[in-house]
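A, B, ... follow the sequence lines: proteins, then strands. Residue 1 opens every chain. Predicted model, so just to flag it, every value in this text is computed and none were measured.
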Number of protein chains: 2
Amino acid sequence: MKNIEEYCKDKNIKLTPVRHKVLELLQNEKSGLGAYRILDLLREAGFNSQPPVAYRALDFLVEHGFVHKIESQNSFVACTDPGVHHSPVFMICKKCESVSEAPTFETASNISDALMATGFNVEQTIIEAEGVCSTCSEQ
Amino acid sequence: MKNIEEYCKDKNIKLTPVRHKVLELLQNEKSGLGAYRILDLLREAGFNSQPPVAYRALDFLVEHGFVHKIESQNSFVACTDPGVHHSPVFMICKKCESVSEAPTFETASNISDALMATGFNVEQTIIEAEGVCSTCSEQ
DNA sequence: AAACCTCATGATATAATATAACATTACATA
DNA sequence: TATGTAATGTTATATTATATCATGAGGTTT
Ligand SMILES: [Zn+2]
Ligand SMILES: [Zn+2]
Ligand SMILES: [Zn+2]
Ligand SMILES: [Zn+2]
């Protein structure tokens, strides 16, 4: 969070209170949060709680790479390596519902390269793996 | 379609009229169709058009591997290699909106292997690449 | 045939996710 | 002060998806 605050200050990006709060909420969760769950939590924290409030904050955070959307869940997670451009691979545990970004091996770029070879020009990849995390596997 | 009809007959899977129609609609489209678009088309074709009708047919078709859901679009596409279990990689063109399954190189299994090495046990992967297809690139 | 079971469909309602549109405010700076 | 821009407030509505209970169509068992 400190890093992000500094990054925003440096780049003159406005991490307003509601944006800061949404990011904080996501950073405190290891599973994804839906927009309406975030909205509830914002309300509890005394913020305005109409849907556009949450979606605007999320749009901002996603746009700047501080948060990712998990497409298969319509949920959002804080990025674990913000500020660095990357193509994340998510590991979604069916048991504990945790969502984590895989350490980046070259998966996304491998896919891009392979698809490029077929003539398709990749701009962005969405990679989500569902399964069971190491912690849950041990049990 | 003929193949699927035979496959269903063999395995005693019931490809009922509404399921058949939904599959046909998807096979005639090169882009993904949303459930409510499908519902409209069903209505035009004289079918009952309440939401559960479309969702039930889609659930059935997805479950049997005849159709895939495109998570980033909340849309559905007909599988181009049905009956064979696979982990598809989708190429989604921003310009013409076409959705195609990439010829299977071992991408999904590579990812699975790499994640397995970190302790995560992959059961299913969702891979969607957004970009520009070869046809649209040429223009 | 009658009873039963199972799966599919019909029908109504509602939940969950997301955006449109326009008004207002805050703040930088000319 | 005036003016432009980005952010927020507010209301309404669009889009996607599921819950629930009733009805029907086919087989199987008795
Ligand atoms: Zn990230
Ligand atoms: Zn787990
Ligand atoms: Zn397929
Ligand atoms: Zn194209």
Review point. Of all residues at least two apart in sequence or in a different chain, which pass the salt bridge (Lys or Arg N to Asp or Glu O under 4.0 Å) check with A:Arg37?
Key: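 For A:Arg37, no residue satisfies salt bridge (Lys or Arg N to Asp or Glu O under 4.0 Å) once neighbours in sequence are set aside.
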Exercise for review: State plainly whether one hydrophobic cluster holds both A:Val132 and A:Ile92, where clusters connect Ile, Leu, Val, Met, Phe, Trp and Tyr through side-chain heavy atoms under 4.5 angstrom apart.
Suggested key: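 No; tracing contacts between hydrophobic side chains, which count when under 4.5 Å, never links both residues.
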**Study point:** Proximal nucleotide (of D:dT8, C:dT9, D:dA17) relative to the A:Val18 side chain
**Key:**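 So the side chain of A:Val18 is nearest to D:dT8.
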Check your understanding: Centres of the A:His68 and A:Phe76 rings: under 6.0 Å?
Key ->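 Between A:Phe76 and A:His68, which both carry aromatic rings, the centre distance is not below 6.0 Å.
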Review point. A:Thr125 versus A:Val122: any side-chain heavy-atom pair under 4.5 Å?
Key: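 Yes, close enough: below the 4.5 Å cut-off.
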Length of the [atom1]-[atom2] vector between [X] and [N], whole Å:
X       : N      : atom1 : atom2 : result
A:Asn12 : C:dC27 : CG    : P     : 14 Å
B:Ile13 : C:dC7  : CD1   : C1'   : 14 Å
B:Lys14 : D:dG26 : NZ    : P     : 11 Å

Point to revise | Donor-acceptor side-chain pairing of A:Glu71 and B:Ser72 below 3.5 angstrom | key: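 No.
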Check your understanding: Counting distance only, does the side-chain N/O of A:Glu130 pair as donor-acceptor with the main-chain N or O of B:Gln124 below 3.5 Å?
Key ->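 Judged by distance alone, no pair lies under 3.5 Å.
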Check your understanding: Quick one: is C:dA18 close enough that its OP1 or OP2 comes under 4.0 Å of any side-chain N or O from A:Lys69?
Key ->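 For C:dA18, OP1/OP2 do have a side-chain N/O of A:Lys69 under 4.0 Å.
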Review point. Is B:Asn74 near enough to D:dA17 that one of its side-chain N or O atoms lies under 4.0 angstrom from OP1 or OP2?
Key: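 For D:dA17, OP1/OP2 do have a side-chain N/O of B:Asn74 under 4.0 Å.
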Check your understanding: Going by number, which of residues 29-66 of chain B have a non-hydrogen atom under 4.0 Å from DNA chain C?
Key ->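 Heavy-atom cutoff 4.0 Å gives B:Asn48, B:Gln50, B:Pro52, B:Arg56.
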